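The structure appears below as structure tokens.
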Amino acid sequence: MRGYAWGTAWRRSWAGVAACAAMVAVLMVGCSTPGPREVPQLGLEAFPPVANDKAPGASQQAWETAKAMGRGVNFGNMFDAPDEGLWGIKAEPEFIDAVVAAGFRTVRLPVRWSNHCGNAPPFTLEPAFADRVEQVVDALLARGLYVVMDMHHDRPFEGAKPDPGERAADPQRVDERFLRLWVQVAERFKGKSDKLLFEVYNEPHGRLHAERWNDLLARAMGVIRASNPDRVVVISGAAWGGVWALHQLRVPNDPHLLVSFHHYEPMDFTHQGADWHPEYAVGVTCCDAGQAKKVAQAFEVAKAWSDKRRYPLFLGEFGSHDKAEMASRETYTRLMREHAERHGMPWAVWEFGSSFGVYDRQAKAYHQGLMKALMPTWGQSESLTAKSP
Ligand code: BGC
């Protein structure tokens with residue numbers, strides 16, 4: 001079961017985006033004095049922000065990385081659960097074999113570091129957990145995959161109640177904790193292949209409104225660059241990392257960046273039956289002309305932003321819940337993949353083997369139709385036994 005707090009019902013929906021934009025505006029006006037939910041933060045002085053007034057555009061390294069990442073998959077619900085296994089899936093070696101056999105080039109690896117560290121500064125990471133994540137990162141890199149390791153689901157940092165199984169945190173120290181976690185993670189992984197990318201935070205939202213997020217992102221970049229001067233880093237904007245708030249993102253003055261966005265429109269289709277979105281009832285199909293238009297629009301907005309700012313994009317998440325009918329999931333998945341690829345964007349489908357999954361863990365086989373939608377040559381040469389839905 002998944003625990004989502006106050007942002008849940010608005011999540012990524014168009015009404016929600018509009019309401020969030022209005023809320024962001026209100027928060028920005030009142031930013032000098034903390035509002036009712038704003039808790040003053042301690043311990044930030046040690047982490048000065050890098051400048052974000054003149055982002056130079058991406059380096060050749062960043063553009064080449066984006067191109068090489070191609071098609072990818074999220075290892076979701078594994079390390080982003082409060083503990084590995086709590087959401088019913090662990091990172092198994094056979095999954096890595098399956099990813100390689102399918103021809104994916106990238107794995108995005110969400111990690112909830114914040115539930116595996118000390119309770120007070122310096123928020124020391126639990127060695128056993130860090131070792132376990134490192135073991136999986138090494139195993140993925142050893143197979144030649146790109147790995148986008150992102151920091152995911154620190155609910156107190158988002159201003160939400162902890163998930164079941166997640167520890168409470170001192171609300172005055174959540175920003176410091178976020179930065180001190182990056183100090184340790186960046187240091188631990190600094191010697192790895194340049195196929196390892198760090199992603200600063202998944203879907204900033206809640207108390208991470210645009211202004212606060214821009215500041216924290218700039219501080220986190222300072223932290224990461226102290227130990228990883230050239231590693232390609234993935235960043236995203238506030239409002240769930242969607243495209244509609246991209247224009248509010250202040251890109252740090254740094255060339256080695258990819259800019260991620262997540263795209264789950266139409267939400268009532270992709271999230272039908274998801275227990276963390278009870279407002280979306282099952283039975284919605286995809287994709288009629290109106291739905292297809294919604295899907296296309298977000299790509300247009302993202303592409304226009306990328307052309308203007310000269311940073312490559314990464315579609316870090318899209319996908320649909322298994323409560324949706326399979327034929328519609330296939331149509332939707334193909335449509336998303338085609339848009340991303342037509343715009344030259346690498347992508348990572350959400351996710352490998354849970355409720356949005358492309359892989360059926362019981363059958364130890366991929367869902368054939370979803371894989372055909374993702375990989376145009378699927379079924380012609382791969383060695384895995386594909387499964388009919
Ligand atoms: C969240 C997942 C969720 C998915 C689809 C992701 O960003 O981290 O927990 O399942 O979006 O809603």
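Here the structure is a predicted model, which means the values were calculated and not measured. For the numbers below, each heavy atom of this structure counts, side chains included, while hydrogens, waters and symmetry mates do not.
- Taking the side chain as every heavy atom from C-beta outward, Cys117 and Glu126 never approach each other to under 4.5 Å.
- Aromatic ring orientation, His271 versus Tyr264: perpendicular (interplanar angle above 60°, classes split at 30° and 60°).
- Asp215 has a carboxylate O that lies under 4.0 Å from a charged side-chain N of Arg219, or vice versa, which qualifies the two as a salt bridge.
- Side-chain atoms of Gln172 never come within 3.5 Å of backbone atoms of Leu42 as a donor-acceptor pair (strictly under, hydrogens ignored).
- Summarising the geometry, atom CG belonging to Asp268 is positioned 6.5 Å from atom NZ belonging to Lys294; distances are rounded to the nearest 0.5 Å.
- Across Asn202, Asp154, Asp83, Asp163, a single residue satisfies side chain to side chain donor-acceptor pair (under 3.5 Å) together with Arg112, and that is Asp163.
- If you look at Phe299 and His263, their ring centroids are closer than 6.0 Å.
- In this structure, a donor-acceptor pair under 3.5 Å is absent between the side chains of Asn52 and Asn253.
- For Arg337 and His339, the side-chain atoms include no donor-acceptor pair closer than 3.5 Å.
- Checked against a 6.0 Å centroid threshold, the rings of Tyr332 and Phe269 count as neighbours.
- Other residues, nucleotides and ligands contribute at most 12 non-hydrogen atoms within 6.0 Å of the CD atom of Gln60.
- Applying the salt bridge (Lys or Arg N to Asp or Glu O under 4.0 Å) definition to pairs two or more places apart or across chains, those involving residues 224-253 are Arg225-Asp254.
- At a threshold of 4.5 Å between non-hydrogen side-chain atoms, the residues Arg177 and Leu181 count as touching.
- Between Tyr366 and Tyr359, the angle of the ring planes goes over 60°, which puts this pair in the perpendicular group of the 30/60° scheme.
- A heavy-atom distance below 4.5 Å is found between the side chains of Leu258 and Met69.
- For the pair Phe75 and Val99, the minimum side-chain heavy-atom distance is below 4.5 Å.
- Judged by distance alone, the side chains of Glu330 and Thr333 never bring a donor and an acceptor atom under 3.5 Å apart.
- Salt-bridge check for Glu64 with Lys195: failed, with every basic side-chain N at 4.0 Å or more from each acidic carboxylate O.
- Annotation: side chain of Cys286 is not in contact with side chain of Thr331 (no heavy-atom distance under 4.5 Å).
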- request: With side-chain contact (heavy atoms from CB on, under 4.5 Å) as the test, would you mind laying out the steps for Asp150 and Leu109 before giving the verdict?
  value: CA-CA 6 Å; Asp150 84 286; Leu109 188 69; 6.0 Å; no
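- Contact check for Tyr311 versus Trp305: side-chain heavy atoms found under the 4.5 Å cut-off.
- When hydrophobic clusters are built by joining Ile, Leu, Val, Met, Phe, Trp and Tyr residues whose side-chain heavy atoms come closer than 4.5 Å, directly or via intermediates, Val185 is grouped together with Val183.
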task: Decide side-chain contact (heavy atoms from CB on, under 4.5 Å) for Trp213 and Tyr201; before the verdict, give the C-alpha distance in whole Å, the side-chain angles of both, and the deciding distance to 0.1 Å.
output: CA-CA 10 Å; Trp213 175 241; Tyr201 196 70; 3.4 Å; yes
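- The 12-atom threshold is not exceeded at NZ of Lys90, counting heavy atoms of other residues, nucleotides or ligands nearer than 6.0 Å.
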message: Using the rule given for salt bridge (Lys or Arg N to Asp or Glu O under 4.0 Å), can you reason through Glu338 versus Arg342, listing the C-alpha separation, both sets of side-chain angles and the distance that settles it, and then say yes or no?
response: CA-CA 6 Å; Glu338 286 174 354; Arg342 196 175 49 250; 5.7 Å; no
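- The aromatic rings of His152 and Trp350 lie parallel to each other, their planes meeting at an angle below 30°, with 60° marking the opposite boundary.
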- prompt: Taking it one step at a time, do Asp97 and Lys364 satisfy salt bridge (Lys or Arg N to Asp or Glu O under 4.0 Å)?
  reply: CA-CA 11 Å; Asp97 294 340; Lys364 293 188 185 296; over 6 Å; no
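- Aromatic ring centroids of Trp113 and Phe129 lie under 6.0 Å apart.
- Salt bridge status for Arg108 with Glu351: absent, with no side-chain N to carboxylate O gap under 4.0 Å.
- Under the 4.0 Å criterion applied to side-chain N and carboxylate O atoms, Asp175 and Arg207 are assigned as salt-bridge partners.
- For the pair Gln41 and Glu176, the minimum side-chain heavy-atom distance is 4.5 Å or more.
- When only modelled atom types and interatomic distance are considered, His205 and Glu203 share no side-chain donor-acceptor pair under 3.5 Å.
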- request: Might you work through the salt bridge (Lys or Arg N to Asp or Glu O under 4.0 Å) test for Lys161 and Glu166, ending with a clear yes or no?
  value: CA-CA 9 Å; Lys161 279 203 311 256; Glu166 183 179 19; over 6 Å; no
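- If you take CZ on Arg329 and NZ on Lys323, they are separated by 10.5 Å, rounding to the nearest 0.5 Å.
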